[in-house]
Structure formats: C-alpha cells, structure tokens
Amino acid sequence: MDRHYYKRVFRVFVLLLFPLAALIGAGGYFFATTQLRYVHEQIAEQERQALNRASQEIEGRLNDAAADITFLESLPRLRKLLKRPSSDNLSALADNFGVYLSANPTIAQIRWIDEQGKEELRIDVVDGKTTRVADSDLQQKIQRPYYNATMILPKGKIYISPLNLNIENEQIERPYKPMLRFAVPLFGDEGQRRGILVVNYLAKKWIDTLQKAAGPQGRQLEILNREGYWLHSLVAADEWGFALGQSTTLERKNPEAWAAISAGDSGKAWLADGLWSWQNVDPLKSVRLEFFRSTAGKDTTVVGSKDYVWRLVTHVPTGTLDAERQRILQSLTPIVVILLLCAIIVAAWVAYSQLLIERLNVSLAEKADAAMAATQAKSAFLANMSHEIRTPMNAIIGLTHLLRSDGVSVGQAERLSKIDIAAQHLLSIINDILDLSKIEAGKLMLETQDFALGAILDHVRSLISESARSKGLIVEVDGDHVPLWLRGDVTRVRQALLNFAGNAVKFTQQGTISLRANLLEEKDDKLFVRFEVQDTGIGIAPDKLAKLFHEFEQADASTTRKYGGTGLGLAITKRLASIMGGDAGADSTPGQGSVFWFTVWLGRGHGVMPPEGRPSAHAEKTLRQHHAGRRLLLTEDNAINREVATELLNGVGLDVDVAEDGCIAIEKVRNGIYDLILMDIQMPNMDGLEATQAIRLLPGWDRKPILAMTANAFDEDRVACLEVGMNDFIAKPVVPEDMYATLLKWLPTTESGQTEESASLIANTDVEAMQRADVLARLAIVPGIDVNRGLTMLRGNGEKYLKLLRLFYGGQRDTMIRVSQLLGERELVAAQQLVHALKGVSGTLGLKEIQDSTTELDALLRQADFDADQAQSLISEISQAIDRLSVVTENE
C-alpha cells in the first residue's frame, strides 16, 4: 500500500514540477524577449534621434550659408563696384571678403566671376590665412556647371551645387577637398547681368560638425547621394565613386540594405547584418529664407538639381545587437535558477501533502463506497426492471391492437379495450420508473426545439378531456400571459404538466380543472415561466404537502388503495423542473382543491404560423375575394407534393389542373386555358426548363406568368429559371403565405363573385382537432419532425397530413437503398434525381431531419470528387429518419 502511495506522490511531484518549470522557462523567455525588444527599440530610437539631430544641423548649416551669400550680395562695396568698376573698388571689396572669410572658418573661397566666365576676384583660405589670388592666376569658369546654372537665374535666386570634390585647372584637387557651392547672379543698376557671386564651403568641416551633433552614434554616420554613392563613408576608399569613375555604391555592396533605404525618405530596417536607419535631406527644401528675409529679396528662393538628395545613414552591426542579447541572458540566468529551485521545493511540499490527503481519503472512500453501492444497486434494478417489463408490454399492446383490427365481437372488443387500458397504465408506470432511474444516474438529456405554448396546453387538455368529461369536469386553458412561441424541451414540459393534470382529474369529483401559464421573469431571450394546474378536488392537509414530491410517497396510505398510483409522478416533475432551472410545489386547502405548479427557464421561440394582421393573411384573403375560380396548371411529378399544393391552392378558391411532367404540361396548355402555371424543375421525360421554353412558343403564352417551384434554391438555379422565360421563383418546401403573396403578384386583377363567407368555408381548418389525435401527438415528439410545419402546409388538415406521411413512408422506405446501389454503379445523375425529389417533398411535410440530410447529400453529390464515406453516412442517417416514420402506420 505504501509503495502505491509513493508512486502516486512521485507522479504528483512530477506533474506539478514540469508545468512550473515550463511556466518559469516560458516566463523567462518572454521576459528576455520583451527586454531584448525594448533594448532594440531603444537603439532604434537613439539612431533615429541621432539622424534627426544631424539633419537639423545640416538645415542650420544650409540656412547659414544662404544667409552668408545673401549678405555678401548686398554689400555696399559690391554694389558700388558693379556700378563703377575700378581697381580701388575691387580692392575694397577684396578686403570685405577677406574679413568675412576670416570670421567663417567653414568658407574656403569667395569669388566674383564676370559675365564672360572669368574670375575677376577670388579670395582663398591658405594655411588658415585669407589670400587674394593674383590676377594672373584667375581662371576661366565658363564651362563649370554651377556658373552656367547660376547665370540664367533671375534676380533673387540662390543656387546650391551638389556636394562634390573641388576641381582646379580641370583636375580634381589633391588631397581631396569636398566642396559645396552657393551662388547668386549679379546685376547692374539697369538690370544688366554682371556675372555671379560664388561661395565655396569646406564640406569636411560640415561633416565633422554633423557627426558631433549626432552624438555617440555620429561615429557610424555615413552620407550617400540619391544614387547610393558615398559622400562620406566609414571606409575612405568607398567615397566619391561617382567623381572618380568607380562603381562603389551601397546597392552593389549591400543590395538588401539599399532596397530598404531607397524605399522611403526615412525609416529603419532590421536586416541580417544589423539595424539600418536613414533620413533623407533635401538641401533645396531645407533652407528657410524667412530667417533672413530682412536681407533677402522678396522673391528669394533656392534652386538646384530637382533630385538632389543627401541620405544620412547609420548602421548598427549584428555583433552589437548580439552583445546586448548576451548581457540580458546573463542577468536573467540567476533569477531563473532561483525560481526553479523554488518550484522544486513547492512541488515537493505539495506532493508530501498529497500523501497525507491520500491516506485520509482511503478511509472516507471505503465508507462512501457502501453508500454508493446501495444507490447504484437501486438505480440498476429500476433500469433493468423497466427495460425487461417494457419489452413484453409492447407485445401485449401491439397484439391487442391487431386483435381489435381483425373483427371481434362486442364482448371481445370490450375485454380487449380493458386489456389495452391496463397495459397503457402499466406502461406509464414503467416509463416513470425508467425516467427516475435516468435522472438518478444523471443520464437524462434535455432537447431544445421551438414549440407553441398553445399546442402544449391543448394537447394536455385533449389527453385528459375524455376522463374529465366522463366525470362531468370542465377543463379550462389560459396561456395568454406568455409569448406564443417558446424554445426548450417540449417533451419534458408536456410530461410535467400532464403529471399534474392527470392527478387533478383523478382527485376531483366535480367542478373545474384549469391549466395556466404565467411569465414571472424575463432576462434577454430567456423566460422564467410558471405552469399551474388548479382543481376543485379533495385537497391536501398542510402536514402532508411536504411528502408529496418524494419518491413513492402519497398524501396517506389510503390514497393508493382508493385512487391508485405509485407516487413517482410528482417526484419526477420536481426533478425535471430542477433540471430546467426551476422548482415545483403545491398549495392546497382540504375540501376546496389544490394548485400544483412548476417553474422552468425557456427561450424565445420562432414558429411558422403567421399572427393575425400580417401581410400574408391579407394576400390569402385577397386571393379568395378577387381570384376565386382562376384556373392554374400545377406541373409536379411527386404525388405528395401535388396533393399538398393542390390542397393549398383549392383552399383559396383556385381551380387546379395537374400534370405529372413537362410533356403532359405542354399538351394540356395546347388544349386548355390557364391563367398561370406552377412548374417544377426536375421531372422525368421533360424537365421544367425545357417545358417552359416550349410553352413560351405556343400562341398566347409569350407573356402569361409561369412560376418555378423547386427545392433547388441556389442562385444559379434561380438565374436558369429566369433565363428560359419564367417570371418568378417559389422555393420548396413551400411556405403558404409566401406562395399566396407570389400568386397575388402575378395573377391578373379581376373581381370575383365569391363572397367572404364562401371563401372562409374553403379555408376551414380543424387544427385543434388534429392536435388531439394520438398519432400526431406521438409524431410531435419524434426528433426531426415539425408537425406544426406539416399541418400549416395542409391548412390544419390532420387527416390529409397523415395520409401523405403514410404515402411518403410507403414510397420512400427503400429510396436510400436504391441511391446506394446507383452510387456503387456510378449512376450519379440518377442518384442525384432521387435525392433531389426526396429533399423537396420532405421539406413540404415538415420532415426537417430528412430535409437537412438530403440537402447536404444533394450538395455533396454535386461535387466532382465527393467523399464516398461521407455520402454513405448521410444515406444511413436518412434511412434511419425514414424508419422512424413507421409510427404513422401503427393505427392502420
């Protein structure tokens, strides 16, 4: 025993430790991943801020440069020189330029180039000192791009050149000296061009300033032009490839990074070699002339190459990111180890506690087993007894029915009736025992479906009406305070109500029995309903009420002897109410009567019967008043569908002729007069589409209405009907109100001599009488059958409904066997036709389970490569559902 305990304890230890370890590991991984993501985001943000600072520094430098040249252009000495050229004025201007150059260390050169392209004045910085270049060393610049671009500018324009290496005497100056040139055109007093003013800036000093402004990240700052050539690189050999005739571009060295950088003006990209960040600067858009508007002209703007862009780029290599990952993991490892040790301690403690609990539970389990054994033995005995007795009882009831059908004498019939009554009574007791055993075993399953409250109350009244009438009792029904349609287990609600109602009849000698339903509470779509049965019977003493709802208990010992019963009905009702979220009880006064009640939670349901005042009712009324006697041709190959449709159409006074296929329909149209045709689509010999095309060619039928009636409600089927000339589409199973509305839409409007009274005779129904029929009651509780739907289709004619169900059962019992054979022979079209026909007629009769399964099978067989196993499964389901309809033949 101890060894067994220790194994279980070890299992508890392992089962607890592994999830804790997995949780700690997952938590550590999540924390490390989150922390690493945070560090990466910080690095990316630092790179972005560095690029932003560098960009702002560039903009500041560009603004300063624009201010410089604007100031130099407006120097009085320059204006005086342009007005009166002389050596003195030129020397004075040279002094002004020299002073300005000394104060601006980033300026390398200031020049005045005349309108002929020759340098007239040039001030250079040599070894930190400003020097005026001798006239003999002045050069011709007429071929320089910056000269030609500036010379054509109007007054007030500032030209910015691309960043490039300095060229002297047609050669790149060595060592390399990157230059950025600002230039403006010069004009005389009368507007004549007097050349240009050029200021050269040392780009290297600008780049150094940018790196300092960017902060620590400035060490990895690189600058590229629009095409991806380096203007500044961490590798000096990569710089100025475009000027030196080299193909050193970022696109060639790292295509993936270049693709990311060239895709937008700014951003970041995590690539295999690390983090790339970039921000573009457009010099022509970065100069903000409003800062020095006081010295610039009103129309001052900056011009240059339209695609001139500097790309500021930083790169954080993978090695730097890996170092951060290692740092995070090293800091997290001790914490994970400590948590794992804690998990081991907790798991061991819980396992030890489990050992103590297991030993305590053994003694409790041994005591509980004895109590459970008694309960299980009782439940098993009740279940076995009810099942064993039910089998011979079914034979007794069935043979009694057969004997009464064979033609017997009056005495024999009376004795058989007594046998049947006794057998039914015994069967109800057996059913109660079986229900009790299911409830105690926890195997009672509730079903959910929509049902009409009025149908439940009327059904219970019909079941007790005969015995109540024999005692002179009046049975009243009141369900007006509850919504008409509910959703829940209709069988169990009816069973509970019938238990109360049956007792009321049993213990009441005169007076009234009332069946009522009241709405107590409403939450969203849930309804808390109280059902009551009130009688004027013998009543119950207060001290006896508490025992009534216990198994095998009655008010007193004499009750069983006088009235019979087992005392199970009330107990079962209470348990059913509890399962459905409610309770049960009773109030009584001896000698005056009792009120038995139970409460349940139900949902809001939806039914097919339209309430008064709906437009469909108006359509039905209008058809009777204005179209009675109209002649219609119904083309339908299925006998049941023909009879249902004929019943509905005759019910509103229409004269109906029928045709079994398209060929017969064409012949009848040739020889008869019809106001409208209802045409099925899939039929033998000739289908509805082909028949419609032929009828449209007959005299007088080019415009008369032809309406499709088919179970194929797919969009392509609707389109096909309209394409061959049909006017409208009525889907099967037919909804009467929809069909009436459609007929009203297409029948020509004329007055009819039929009166309202005669029309009402056509539509006269006896739904209440049909609901009292035993077969319909049993059909109502068969899963997958919507009796209300079927009765609605036949306008409440229960007799005809049962007739059509028997016709359906007799004609379709072997249909699925035939379908299976056809599939085995690869006769798919024939199999589809059988399934299609079954689908339409089952929907008409409210056989929802069969309709749903055949619809699914029909869709499956339409597929080119359908699943054969799934098809056989559906065939089996449909066959079983058809077999359950055998109840309709029991009373024949």
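Residue indices begin at 1 and follow the sequence shown.
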Taking every non-hydrogen atom, the tightest pair across [X] and [Y]:
| X | Y | result |
| --- | --- | --- |
| Met683 | Gly688 | CE-N, 3.7 Å |
| Cys721 | Ala708 | SG-CB, 3.7 Å |
| Glu643 | Leu804 | OE1-CD2, 3.5 Å |
| Leu823 | Ala831 | CD2-CB, 3.9 Å |
| Pro19 | Val14 | CD-O, 4.1 Å |
| Leu634 | Ala645 | CD2-CB, 3.6 Å |

When you check the side-chain N and O atoms of [X] and [Y], is any donor under 3.5 Å from an acceptor?
| X | Y | result |
| --- | --- | --- |
| Gln870 | Ser873 | no |
| Arg492 | Gln495 | yes |
| Thr742 | Asp728 | no |

Can you list the residues that meet the salt bridge (charged side-chain N to carboxylate O under 4.0 Å, His left out) rule with [X], with sequence neighbours excluded?
| X | answer |
| --- | --- |
| Lys704 | none |
| Arg670 | Glu667 |
| Glu522 | Arg604 |

N/O donor-acceptor pair under 3.5 Å between [X] side chain and [Y] backbone:
| X | Y | answer |
| --- | --- | --- |
| Glu636 | Asn638 | yes |
| Asp637 | Asp661 | no |
| Asp687 | Glu690 | yes |
| Thr854 | Gln851 | yes |

Verdict with supporting geometry, Val529 and Thr599, side-chain contact (heavy atoms from CB on, under 4.5 Å):
CA-CA 6 Å; Val529 182; Thr599 56; over 6 Å; no

Do [X] and [Y] make a side-chain contact, defined as non-hydrogen atoms from C-beta onward lying under 4.5 Å apart?
| X | Y | result |
| --- | --- | --- |
| Leu847 | Leu805 | yes |
| Tyr674 | Leu632 | no |
| Asp869 | Gln872 | no |
| Pro483 | Leu527 | yes |
| Leu743 | Leu678 | yes |
| Gln693 | Arg696 | no |
| Phe729 | Leu722 | no |
| Tyr740 | Leu654 | no |

Please round to the nearest 0.5 Å and tell me the distance separating atom [atom1] of [X] and atom [atom2] of [Y].
| X | Y | atom1 | atom2 | answer |
| --- | --- | --- | --- | --- |
| Ile817 | Leu822 | CD1 | CG | 12.0 Å |
| Asp450 | Leu602 | CG | CG | 11.0 Å |
| Ser820 | Ile875 | OG | CD1 | 5.0 Å |
| Thr635 | Glu660 | OG1 | CD | 9.0 Å |
| Gln812 | Ser842 | CD | OG | 9.0 Å |
| Glu856 | Ile878 | CD | CD1 | 9.0 Å |

Short N-O contact, Lys848 and Asp852, less than 4.0 angstrom:
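Yes, this pair counts.
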
Any ion pair linking Lys668 and Asp657 (charged N to carboxylate O, less than 4.0 Å)?
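Between Lys668 and Asp657 there is a salt bridge, with a charged N closer than 4.0 Å to a carboxylate O.
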
Within 6.0 angstrom of Asp702 CG, more than 12 heavy atoms from elsewhere:
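Yes, because the 6.0 Å sphere around CG of Asp702 holds more than 12 heavy atoms from other groups.
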
Given side-chain contact (heavy atoms from CB on, under 4.5 Å), test Phe531 with Val493 step by step and report yes or no.
CA-CA 9 Å; Phe531 291 89; Val493 171; 3.9 Å; yes

Could you walk me through whether Leu457 and Leu497 pass the side-chain contact (heavy atoms from CB on, under 4.5 Å) test, one step at a time?
CA-CA 8 Å; Leu457 296 175; Leu497 192 60; 3.7 Å; yes

Relative to Tyr809, does Arg813 satisfy both conditions: NZ or CZ under 6.0 angstrom from the six-membered ring centre, and within 45 degrees of the ring's axis?
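Yes, Arg813 lies over the aromatic ring of Tyr809.
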
Please assess Trp746 against Ile706 for the test side-chain contact (heavy atoms from CB on, under 4.5 Å), listing each intermediate value before the final yes or no.
CA-CA 9 Å; Trp746 291 104; Ile706 302 177; over 6 Å; no

